[in-house]
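To keep things clear, I will list the structure first and then write my remarks on it.
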Amino acid sequence: MDSDRQHCDTSNEYVHLQNPHLKSMTSDFLYHFNLGTATHDLPAMFGDVKFVVVGGSATRMGKFARYIHQELGLPESEEPQDLADTDRYGMFKAGPVLSVSHGMGMPSMSIMLNELLKLLYHARCSNVVMFRMGTSGGLGLEPGTVVISKAAVDSCFRPRYTQIVLGQEISRPAELDQGLVDELLHVAAQEEGLTAVAGNTMCANGFYEEQGRLDGAFCDYTEQDKLQYLQKGRDAGVRNIEMESLCFAALCRNAGVKAGVVCVTLVDRLRGDQVTTPHDTLKEWELRPQKLLAKFIRSRLGMK
């Protein structure tokens with residue numbers, strides 16, 4: 001079943017949730033954040049949010065929040081603290097920027113994003129732009145290259161996010177905002193030492209077999225099979241591989257929220273599977289999406 005018809009009008013500035021049952025609820029508890037409409041003043045806490053950046057680990061997203069706090073010149077007294085009183089996800093706020101962890105893989109992303117979109121809805125946030133940032137494996141790219149996703153595709157290179165709902169397949173388009181792609185490329189071109197390209201991002205349901213790796217606990221294919229598969233993806237426009245963008249792109253689109261994905265590549269999968277780059281170099285590469293998004297946010301806010 002195709003759910004295109006459920007997609008809302010993205011010209012509206014508020015988050016739109018495709019669930020009529022929410023209107024009959026007297027309160028809404030966001031369990032995995034330990035936040036709720038009956039226990040917290042969500043509009044007061046989050047109503048000024050204009051940018052949301054999500055990434056895998058709570059530690060990384062906490063560091064990003066402190067980094068963007070410094071980049072925006074916010075008071076030291078407002079240093080970001082973890083607002084999610086739970087060990088499932090981390091949530092940090094730096095002025096108009098919300099930084100949230102999503103864990104690893106689409107199931108974890110889906111849980112977090114359902115509750116995050118509801119939070120933005122209850123807080124009456126408007127004109128929000130959302131980004132996923134992280135690391136990935138590249139296809140035919142020099143490691144350290146930042147990929148700005150034009151679209152997210154599944155392991156068969158289809159731009160569709162598919163779930164089983166009440167025993168039926170529900171498929172949603174995994175489109176990203178092309179205006180954001182162009183804007184991010186423009187910002188990246190001004191960042192010295194940063195190489196960025198636009199391309200499709202393949203989102204897999206696993207790290208090993210679904211990504212064609214040869215180094216997992218199980219492998220029933222040859223190296224030639226792997227390379228043929230990855231080259232097919234490259235020919236289809238795929239430039240990097242990760243595990244969350246498909247869900248992120250589809251659910252943001254369904255809520256009418258402009259979204260982008262920015263990931264740095266740590267390895268060229270056409271040359272190997274394991275990351276052998278020195279730790280210090282990896283740390284520098286991991287900062288590249290953060291620097292790009294910080295510069296984007298500063299530009300949007302009219303800051304040089």
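Heavy-atom basis, side chains included; hydrogens, waters and symmetry copies ignored. These figures come from a predicted structure and were not determined experimentally.
- Residues passing the ring pair (Phe, Tyr, Trp, His ring centres under 6.0 Å) test with Y229 are F157, sequence neighbours excluded.
- In terms of the salt bridge (Lys or Arg N to Asp or Glu O under 4.0 Å) criterion, R239 has no residue partners (sequence neighbours excluded).
- Qualifying side chain to side chain contact (heavy atoms under 4.5 Å, CB included) partners for T39, counting only residues two or more places apart in sequence or in other chains: none.
- When only modelled atom types and interatomic distance are considered, Q178 and D182 share no side-chain donor-acceptor pair under 3.5 Å.
- Contact annotation: the side chain of Q274 never approaches that of V267 to less than 4.5 Å [non-hydrogen atoms, C-beta and beyond].
- In terms of the side chain to side chain contact (heavy atoms under 4.5 Å, CB included) criterion, K23 has no residue partners (sequence neighbours excluded).
- A donor-acceptor contact shorter than 3.5 Å links the side chain of T86 to the backbone of R88.
- Remark: D28 pairs with L22, M25, L30, T37, K118, H122 by the side chain to side chain contact (heavy atoms under 4.5 Å, CB included) rule, at least two apart or across chains.
- Legend: ring pair (Phe, Tyr, Trp, His ring centres under 6.0 Å) pairs involving residues 177-228, not counting sequence neighbours: none detected.
- Remark: the E169 side chain and the T162 side chain contain no N/O donor-acceptor pair separated by less than 3.5 Å.
- With E244 contributing its side chain and M106 its backbone, the two residues share no donor-acceptor pair below 3.5 Å.
- With sequence neighbours left out, the side chain to side chain contact (heavy atoms under 4.5 Å, CB included) criterion links S108 to Y89.
- Under the salt bridge (Lys or Arg N to Asp or Glu O under 4.0 Å) criterion, E183 pairs with R300, sequence neighbours left out.
- In terms of modelled atom types and a separation under 3.5 Å, the side chain of D225 and the main chain of T222 share a donor-acceptor contact.
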I'd like a table of donor-acceptor pairs (distance under 3.5 Å, sequence neighbours excluded) in which one partner is a side-chain atom from residues 54-69, with atom names and distances.
unit_1 : atom_1 : unit_2 : atom_2 : d
S57    : OG     : R60    : N      : 3.0
H69    : NE2    : P75    : O      : 2.9
H69    : NE2    : E78    : O      : 3.4

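- Partners of F131 according to the ring pair (Phe, Tyr, Trp, His ring centres under 6.0 Å) rule, which considers only residues two or more places apart in sequence or in another chain, are F296.
- Taking the salt bridge (Lys or Arg N to Asp or Glu O under 4.0 Å) definition, one finds that E175 meets it with R253, sequence neighbours left out.
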Acceptor/donor pairs from residues 143-150 side chains to any protein atom, 3.5 angstrom cut, sequence neighbours excluded:
unit_1 : atom_1 : unit_2 : atom_2 : d
T145   : OG1    : E142   : O      : 2.6
S149   : OG     : T201   : OG1    : 2.5

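- One side chain, S245 or E242, offers a donor N or O that lies under 3.5 Å from an acceptor on the other.
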